[in-house]
Amino acid sequence: MTGPELKKLREDLGEAIGRKLTATDMAKLCGLPGAGGADTIRRWEVSGPSPQAAELLRVLAMASERYPILEKFDIFNRHDVPEKDRPARRLAFREQIRDDVRRRLG
């Protein structure tokens, strides 16, 4: 994940949960300490996040319709899930991720 991709993700996640996210919010989502966390996010929005943060952010990105559901989380395209039920299940999954983002933000 590059810096500009992280910046775009902040916008997209904010849109998905219905509120604008600040650098401090993103620091909370990444588990960064309160003191200096927002500054770290701002640096990452230029240079890109650490590999560990990037992996976490890829998971949280699934809250937004603009990002794919990662293969290891895709339990919807299996043979035992009726095709007609798949869109509703994807939507419910994304809503669960949104709820997780909101919970992490407090």
Side-chain angles (χ1 to χ4, degrees):
M1 176 177 290
T2 66
E5 288 171 339
L6 174 59
K7 194 168 192 168
K8 179 70 173 135
L9 175 59
R10 177 163 44 132
E11 294 170 14
D12 293 340
L13 277 178
E15 184 179 302
I17 66 167
R19 68 173 258 227
K20 188 174 180 171
L21 295 179
T22 64
T24 301
D25 293 331
M26 291 301 284
K28 277 185 189 177
L29 291 176
C30 292
L32 297 173
D39 291 333
T40 299
I41 292 296
R42 286 187 205 86
R43 278 194 306 277
W44 284 355
E45 286 182 344
V46 174
S47 63
S50 70
Q52 299 86 355
E55 190 60 32
L56 171 63
L57 291 166
R58 279 188 194 90
V59 171
L60 295 177
M62 292 186 294
S64 172
E65 298 288 336
R66 294 190 175 137
Y67 297 85
I69 293 176
L70 299 175
E71 191 174 320
K72 63 184 170 185
F73 292 93
D74 190 357
I75 57 171
F76 317 105
N77 291 321
R78 298 184 330 199
H79 70 283
D80 60 338
V81 177
E83 218 167 298
K84 65 179 176 57
D85 295 341
R86 292 175 186 176
R89 288 193 180 187
R90 279 188 203 94
L91 184 62
F93 174 77
R94 287 191 190 276
E95 193 56 45
Q96 282 181 318
I97 300 291
R98 289 179 193 125
D99 288 343
D100 186 48
V101 168
R102 289 181 192 108
R103 181 186 55 75
R104 287 171 181 255
L105 293 173

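Quick caveat, the model's predicted, so the values are computed rather than measured.
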Report task. Verify side-chain contact (heavy atoms from CB on, under 4.5 Å) between Glu95 and Asp99, making sure each step is shown before the conclusion. Result -> CA-CA 6 Å; Glu95 193 56 45; Asp99 288 343; 3.4 Å; yes

- Quick one: do Leu32 and Trp44 satisfy side-chain contact (heavy atoms from CB on, under 4.5 Å)? Show the steps, please. CA-CA 12 Å; Leu32 297 173; Trp44 284 355; 4.0 Å; yes

* Does the side-chain contact (heavy atoms from CB on, under 4.5 Å) test come out yes or no for Lys7 and Val46, once each step is laid out? -> CA-CA 8 Å; Lys7 194 168 192 168; Val46 174; over 6 Å; no

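When atom types are taken as modelled, the side chain of Arg19 and the backbone of Gly14 share no donor-acceptor pair closer than 3.5 angstrom.
You'll find the side chain of Glu65 reaches within 4.5 Å of the side chain of Leu91, heavy atoms only. Residues Leu105 and Ile17 meet the side-chain proximity criterion, which asks for heavy atoms closer than 4.5 Å. Within the 4.5 Å cutoff, the side chain of Leu29 has heavy atoms near those of the Leu13 side chain. With contacts defined as side-chain heavy-atom distances shorter than 4.5 Å, the pair Tyr67/Ile97 does not qualify. Side-chain contact between Glu15 and Lys20 is absent, with no heavy atoms from C-beta onward closer than 4.5 Å.
The side-chain hydrogen bond (donor to acceptor under 3.5 Å, both in side chains) test with Asp100 is passed by exactly one of Arg104, Gln96, Arg102: Arg104.
Between Cys30 and Ile41, the shortest heavy-atom contact is SG-CD1, 4.2 Å. Scanning both residues, Met1 and Ala54, for their nearest heavy atoms gives CB-CB, 4.2 Å. Nearest heavy-atom pair, Ala16 versus Arg98, reported as atom, atom and distance to 0.1 Å: O-CD, 3.3 Å. The nearest pair of heavy atoms linking Thr24 to Ala38 is OG1-CB, 3.6 Å. Here the shortest heavy-atom pairing between Leu21 and Met26 reads CD1-SD, 4.0 Å.
Under 4.0 Å is where a charged nitrogen must lie from a carboxylate oxygen, and between Arg10 and Glu45 at least one such pair does. Under the 4.0 Å criterion applied to side-chain N and carboxylate O atoms, Lys8 and Asp12 are assigned as salt-bridge partners.
Annotation: the span from Leu60 atom CG to Glu55 atom CD amounts to 10.5 Å, rounded to 0.5 Å.
Taken together through direct or relayed side-chain contacts under 4.5 Å among Ile, Leu, Val, Met, Phe, Trp and Tyr, Phe93 and Val59 form part of one hydrophobic cluster.
Judged as a side chain to side chain donor-acceptor pair (under 3.5 Å), and not counting sequence neighbours, the contacts of Thr22 are Asp25.
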